[in-house]
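Keep in mind it's a predicted model, so treat the numbers as computed, not measured.
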Amino acid sequence: MSLSDHPKAYGTAAVAVAFTAGVFVTLGFKDLYPDLERRFQQRGTRRIQRNVADNRRSSLFWGGPVELKDREVPEALVPRDDGVSDGIEGCIGRTPLIRIHSLSEATGRTILAKAEFLNGAGNSPKDRVALNMIQVAEEEGFLKPGRGDTIYEGTVGSTGISIAALARAKGYRAHICMPDDQAREKSDLLHHLGATVERVPVQPITSPEHFVNLARRRALEHTRSNADSSVGFFADQFESPSNWQAHFKTTGPEIYAQTHGQIDAWVAGAGTGGTISGVAKYLKEEAKLKSLKVVLADPQGSGLYNKVRHGVMYSSTEKEGTRRRQQVDTIVEGVGINRITENFEAGRDLIDTAVRVTDEQACKMARWLVENDGIFCGSSSAVNCVAAVVTALSLPEGSQVVTVLCDSGTRHLSKFWKQIAEMGLEDEPKSDNLLSLLGIEKPR
C-alpha cells in the first residue's frame with residue numbers, strides 16, 4: 001500500500017524529510033557562517049537603525065511608533081582583531097568605550113569613557129589627529145616619504161609624541177617645540193622616539209618665541225634652506241581643520257555606534273579644541289542628536305569656561321598681580337587655553353555649557369579612579385571625569401554621559417602625580433563618598 005493512500009502517513013513522512021533537510025542546511029551554514037561574517041565585517045560600512053524621535057531605544061511591544069533611519073558607519077569601526085592591521089597606523093582608532101563603575105554608581109547615571117590611551121602609536125587621541133594631518137599633507141603634496149621632509153609642531157606633549165611615532169613609520173623626521181614647564185618624561189619620550197626636541201621658556205602667543213610660533217618659523221627656515229630638496233612642514237594642530245575633522249571622521253562615529261545613539265551628554269576638555277568640536281559636530285549635525293548636551297571640561301586658569309558661559313574670554317588669574325604661570329594657571333596639562341583656536345571655533349556654537357574643575361578636584365579624581373576602578377590616568381582625563389560627574393548629576397536618572405580618558409598617568413609622574421603625593425592623597429584612607437570628596441553638592 002502506497003503513502004498516497006494514507007494522507008496522514010504521507011504528511012508525517014514529508015515533515016520528517018523536511019526536518020532532516022533543514023538540519024543539514026543549518027549545519028552547512030554553521031560551518032559557512034564565520035567566513036560570511038568576516039566578509040561582511042570587511043565591507044566598508046554597516047547599517048545602524050535608531051529611533052530619531054527621542055534618541056532612545058523603543059520596543060514594538062511597549063507602544064509608540066518606531067521611526068528608523070539608516071546611517072552609514074565608517075570602515076574604521078571594523079573590529080581591530082579581524083585580521084592583520086597594516087603597520088602602526090592600524091592600531092589607531094576603534095578604541096573601547098568603557099563604563100566607569102564607581103562614577104556611574106555615585107551619580108545614578110551611566111558614565112562612559114572613550115579609552116583613547118589605547119591608541120597604538122602615541123597612546124592618546126592625538127594619534128588620530130597626527131595621522132590625519134600627515135595623510136592630508138601627503139594628499140595635497142606637502143609631504144613626500146623618503147625625501148627627507150621634517151614635520152614641525154608646537155605642542156605640550158601628546159601631539160608631538162604621536163607625530164614622532166608616525167613620522168618614523170612613514171619616512172619623515174620630527175622636530176618638536178614645547179614649553180619647558182611640561183612634565184620632563186614627555187620630552188624624554190620624544191627623544192627616544194627619534195625626534196628633535198626644543199624645550200623653550202614659556203611665552204605668550206603674541207611672542208615670536210612662543211613654542212607654536214617657533215615651530216612655524218623652524219619649518220619655514222627648513223624649507224628656505226637649499227641644502228637639499230626636503231621641506232619643513234608645520235602641522236599647525238591648533239588651527240588646522242585636519243584636527244577636528246579627524247574626530248568627525250572617526251571618534252564621533254565610533255561613539256555613536258558603540259552607544260547605538262543613546263547619548264545624553266558629551267563631555268570633553270579643549271586644548272586645541274579639536275576633540276570636543278569634531279565629536280560634537282558629528283553627533284549633533286551628522287547623527288542629528290539634537291537633544292545632546294555638549295559640555296566643556298575646563299581647568300582652573302583657563303579662559304574658555306567664561307567664554308562659553310558668559311561670552312567673555314577671562315579667568316580670575318588674569319588679574320594684575322595674581323598670575324603665577326604665563327600659559328594657563330593650572331597643574332593640568334593638555335587642556336585649558338586663553339585664546340580661541342580655529343578648531344575650537346569650529347564647534348563653539350554646539351557647546352551648551354562648561355564646568356570648571358579645580359586642580360584639587362582633578363588630583364582627588366585621579367586618585368579615586370585608581371583606588372576604585374584601577375584606572376591610572378593623566379591630568380586632563382581627571383578633569384574630564386570631574387566634569388562628567390557634574391554633568392551627570394544635572395541630568396535625569398538613567399541618563400548616559402560620554403567622556404574621554406586621554407592618556408596614561410605615566411606621562412604625568414614628575415608633575416601631576418607628584419602633586420598628588422605631596423597632597424597626601426596616596427596616604428589618606430580610601431574615601432567612600434565621591435561627591436563629598438570633590439565638594440560637589442547633589443541636586444535636590
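Judged purely by atom type and a 3.5 angstrom limit, Asp264 has no side-chain atom pairing as donor or acceptor with the backbone of Leu395. No donor-acceptor pair closer than 3.5 Å links the side chain of Glu138 to the backbone N or O of Leu143. Looking only at distances, a side-chain donor or acceptor of Gln237 sits under 3.5 Å from a matching main-chain atom of Gly154. In this structure, His210 contributes its side chain and Val212 its backbone to a donor-acceptor pair below 3.5 Å.
Contact check on Arg218 versus Glu221 returns a salt bridge, with a Lys/Arg side-chain nitrogen under 4.0 Å from an Asp/Glu carboxylate oxygen. Taking the charged nitrogens against the carboxylate oxygens, Lys126 and Glu116 have no contact shorter than 4.0 Å, which rules out a salt bridge. A salt bridge links Glu333 with Lys186: at least one charged nitrogen is closer than 4.0 Å to a carboxylate oxygen.
In Arg199, the CZ atom is crowded: over 12 heavy atoms of neighbouring residues, nucleotides or ligands sit closer than 6.0 Å. The neighbour count for Glu441 CD, taken as heavy atoms of other residues, nucleotides or ligands under 6.0 Å away, does not exceed 12.
Ring planes of Trp417 and Phe376: tilted class, angle from 30 to 60°.
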| query | Does the side-chain contact (heavy atoms from CB on, under 4.5 Å) test come out yes or no for Cys406 and Ser380, once each step is laid out? | reply | CA-CA 7 Å; Cys406 306; Ser380 56; 3.7 Å; yes
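Remark: aromatic rings of His247 and Tyr282 are distant, center separation not under 6.0 Å.
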